[in-house]
Structure formats: structure tokens, C-alpha cells
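Quick one: structure below, then a few questions.
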Amino acid sequence: MPEAESYSWAEQVEAGEDGALPPPTEEFNESSGIKTVKEYKHNEDGKVVKVSTRERRKAPKSIAIRKTWRKFGAAERDPPGPNTSNTIVQVEPFYMQFIHNAEQVDQETEEDPLAKLKNQKLVSCRICKGDHWTTKCPYKDTLAPLQEKLQEGEKTAEAPGGAPGTPAPAAASAQPKTGKYVPPSLREGGSKGRGETMQSKRDESATIRVTNLSEDTREPDLQELFRPFGPIQRIYLAKDKNTGVSKGFAFINFHRREDAARAIAGVSGFGYDHLILNVEWAKPSGTN
DNA sequence: CATGAGCGG
């Protein structure tokens with residue numbers, strides 16, 4: 001709130017001869033975050049008054065507090081404030097544009113969105129466009145989708161007169177003029193073999209399934225029971241997802257298949273709690 | 001009796 005004060009004699013002296021007013025002063029109190037501006041104006045009666053305006057800092061106090069932090073590391077001896085040799089202070093707000101799906105943006109027309117969905121598969125693998133989720137894509141093993149694409153490419157190449165405006169989908173993947181990501185295994189010459197670093201699934205070859213467990217058997221119990229046969233990689237005790245109650249069976253993943261085999265021989269038929277355990281080789285999950 | 005969970009355009 002601007003407030004007018006009477007113009008003191010001492011200050012009158014500072015005013016210039018020709019009625020010019022003294023320049024405004026401005027001071028900033030760092031701890032309170034309040035800026036005080038004092039300036040001189042003529043009021044309605046033509047008299048000179050001093051107007052002081054106080055304004056609270058708009059930036060959050062947390063910023064002011066951060067400014068008081070000591071610098072450290074290579075910047076330890078830097079003077080306060082940003083070092084212009086390695087820091088850019090952006091005063092203007094800056095806006096970022098997020099593009100969620102470039103293809104969608106490109107194809108954005110007035111056509112009915114439902115029509116678009118119509119001939120679309122429910123799921124489509126991002127890698128091979130197959131009829132499954134990407135995480136399960138076995139493209140390294142079966143290159144059928146890629147080969148289909150290549151065949152399509154050959155067809156369009158053989159028919160140079162056909163549909164000039166229509167881009168061939170295979171051409172896009174063969175020549176990366178679209179900025180689209182192509183996984184290494186699908187890039188040119190990448191058609192052979194799987195990547196050495198990528199195991200396609202968990203190794204289930206040393207996994208056994210234990211059934212007929214009593215409901216109060218816990219994972220540590222299983223650990224104790226099977227440890228004698230060899231190092232164990234993982235134990236999974238099936239539980240109801242909501243109640244946490246054991247479903248009475250479990251999977252034991254050994255490091256070595258031979259240990260698993262001995263565990264089957266040793267524990268199957270073993271009386272545990274009041275039940276007789278059944279142990280067999282596990283089948284990989286997802287066998288519907 | 002019984003073959004794990006989760007992520008998701």
C-alpha cells in the first residue's frame with residue numbers, strides 16, 4: 001500500500017532547483033523478502049509527497065533459503081549467485097510441448113475416431129506388430145513378422161506404378177528416414193541370432209513344484225526344507241493375492257537341475273506337518 | 001485340488 005508522508009524540510013533541500021524530484025530509492029530486505037521503494041511525486045494539490053511502496057517477494061521463501069546455501073565442490077570458492085560460465089539463468093517462462101504419439105498427431109484428421117478403432121487389433125506388438133504385448137515378443141526367434149514385411153516391400157518394389165501417394169510400410173523400416181526407433185535386431189544385417197545379453201524367459205529348467213503344503217507353511221520353512229539339496233535361486237509360495245493365505249503349493253527354483261532332481265526324489269512323499277508332500281518338475285507358467 | 005505377478009500403447 002502506497003502511503004504519503006509529509007515532505008520534510010531536509011528532503012526538500014535535496015530537491016533540484018527547477019522542481020525536479022529526487023530519484024527513487026529502492027532497498028531490499030533479504031530476510032523478510034520485502035522490497036521498499038521510496039519515490040517522490042506531486043499530489044493533487046501540487047505538493048511534493050514521498051510515496052513508499054512495499055512489495056513482498058513473489059518467489060517462494062524456499063528459493064531464498066536455497067540461495068543462502070554454501071557452495072561446495074568445484075564451485076566452493078565461487079562468489080554468490082550463478083556462475084555465468086556454467087549456469088544459464090532463464091528468466092522467461094519456457095514451455096515444453098509433449099508429443100505423446102507422433103503417429104497419432106500425424107494422422108489427426110476429422111475422421112470418426114470409432115472408425116479408426118474398427119479395423120485395429122486389440123493389442124499390437126510395438127516391435128513386430130504382432131498380436132501380442134511387446135514384452136512377450138519373441139521376434140528374435142521367429143522372424144516371421146519381419147519376413148512378411150520384407151516380402152511386402154518386394155511386392156511394392158515390383159509394382160512401381162502402384163499407388164504413388166501411399167508410402168510402403170516396409171520402406172520405412174528399411175530406410176530409417178522416419179525417425180522411428182528400430183530395435184537392433186531388426187536393423188539391417190541384424191536378422192541372425194539372439195542378443196547374447198538377453199535371455200528370453202526365466203530359466204525354469206531347475207524349478208520344482210511342491211504341492212500339498214499345509215496352509216501355514218511359509219517361505220522360510222521351504223527354504224529350510226530344500227536347502228540341503230543345493231543352492232536355491234528363488235522360492236515362490238503361492239498365496240491368495242488379497243487374503244495372503246497360502247494356496248498350498250510352491251515353486252522352488254534351484255541353480256542346478258540335478259539338485260532339483262534330488263529334491264524331487266528326496267522330498268516327494270515326505271511327511272510335513274500333517275500332510276504328505278508331492279514334488280514334481282514345474283511346467284513353465286502361462287500354459288493355458 | 002493345485003502351474004507364480006506384473007507392466008500395458
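Labels below follow one simple rule: chain letters A, B, ... track the order of the sequence lines, proteins then strands, and each chain is numbered from 1.
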query = Roughly, in whole Å, what's the span from CD in Glu204(A) to P in dG4(B)?
reply =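 From Glu204(A) CD to dG4(B) P: 11 Å.
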
inquiry  = Tell me which residues in residues 211-220 of chain A lie within less than 4.0 Å of DNA chain B, going by non-hydrogen atoms.
reply    =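 Hits under 4.0 Å, by residue number: Thr211(A), Asn212(A).
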
request  = Could you state the atom-to-atom distance from CG of Leu237(A) to C1' of dG4(B) in whole Å?
outcome  =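 After rounding, the reported distance stands at 10 Å.
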
request  = Scan residues 260-280 of chain A against DNA chain B and write down, sorted by residue number, each residue with any heavy atom closer than 4.0 Å; if none is found, say none.
outcome  =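 Within this stretch, nothing sits under 4.0 Å of the strand.
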
task = Send over the distance from Asp240(A) CG to dG4(B) C1', rounded to a whole Å.
result =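 Rounded to whole Å, this separation is 13 Å.
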
key: Any pair counted as salt bridge (charged side-chain N to carboxylate O under 4.0 Å, His left out), so long as it reaches residues 250-264 of chain A, sequence neighbours left out   =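 Passing the test, one end in residues 250-264 of chain A: Arg256(A)-Glu258(A), Arg256(A)-Asp259(A), Asp259(A)-Arg262(A).
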
NE2 on His255(A) to CD1 on Ile232(A), rounded to 0.5 Å =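 NE2 of His255(A) is found 8.5 Å from CD1 of Ile232(A).
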
Residues forming a side-chain hydrogen bond (donor to acceptor under 3.5 Å, both in side chains) with Ser85(A), sequence neighbours excluded =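 Residues passing side-chain hydrogen bond (donor to acceptor under 3.5 Å, both in side chains) with Ser85(A): Asn83(A).
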
task = To the nearest Å, give me how far apart CZ (Arg209(A)) and P (dC1(B)) are.
result =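 Going from Arg209(A) (CZ) to dC1(B) (P), I get 10 Å.
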
ask   = Should the ring pair Tyr272(A) and Phe270(A) be called parallel, tilted or perpendicular, given that the plane angle runs from 0 to 90° and is split at 30 and 60?
value =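 Tilted: the ring planes of Tyr272(A) and Phe270(A) meet at 30° to 60°.
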
message = Using heavy-atom distances to pick each residue's nearest nucleotide on DNA chain B, tell me which of Gly248(A) and Lys239(A) is more 5'.
response =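 Nearest-nucleotide comparison on DNA chain B picks Gly248(A).
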
List the atom pairs, donor and acceptor, that lie under 3.5 Å between side-chain atoms in residues 205-215 of chain A and the rest of the protein, sequence neighbours left out.
residue, atom, partner, partner atom, Å
Ser205(A), OG, Asp203(A), OD1, 2.8
Ser205(A), OG, Asp203(A), OD2, 3.2
Thr207(A), OG1, Asn253(A), ND2, 2.8
Arg209(A), NH2, Glu280(A), OE2, 2.5
Thr211(A), OG1, Asn278(A), ND2, 3.2
Asn212(A), ND2, Ile276(A), O, 2.7
Ser214(A), OG, Asp216(A), OD1, 2.9
Ser214(A), OG, Thr217(A), OG1, 3.2
Ser214(A), OG, Asp273(A), OD2, 2.5

For Asp45(A), side-chain hydrogen bond (donor to acceptor under 3.5 Å, both in side chains) partners two or more places apart =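 side-chain hydrogen bond (donor to acceptor under 3.5 Å, both in side chains) list for Asp45(A), sorted by chain: empty.
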
request  = Take atom CD1 of Ile208(A) and atom C1' of dA2(B), then tell me their distance rounded to the nearest Å.
outcome  =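 Distance, rounded to whole Å: 15 Å.
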
query = When the ring planes of Phe251(A) and Tyr236(A) are compared, do they come out parallel, tilted or perpendicular, using 30° and 60° as the limits?
reply =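 Rings of Phe251(A) and Tyr236(A): tilted, 30 to 60°.
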
task = Please check if the side chain of Lys71(A) supplies one atom and the backbone of Pro79(A) the other of a donor-acceptor pair under 3.5 Å.
result =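 At least one qualifying donor-acceptor pair exists.
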
task = Report the distance from atom CD1 of Ile264(A) to atom CZ of Phe229(A), rounding to the nearest 0.5 Å.
result =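 So the CD1 of Ile264(A) and the CZ of Phe229(A) are separated by 10.5 Å.
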
task = May I have the distance from Tyr236(A) (atom OH) to dT3(B) (atom C1'), rounded to whole angstrom?
result =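 Distance, rounded to whole Å: 11 Å.
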
task = Could you check how far NZ of Lys283(A) sits from C1' of dT3(B), rounded to whole Å?
result =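 Roughly 7 Å, once rounded to whole Å.
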
Spacing of Leu222(A) atom CG relative to dA2(B) atom C1', expressed in whole Å =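 Value for this atom pair: 15 Å.
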
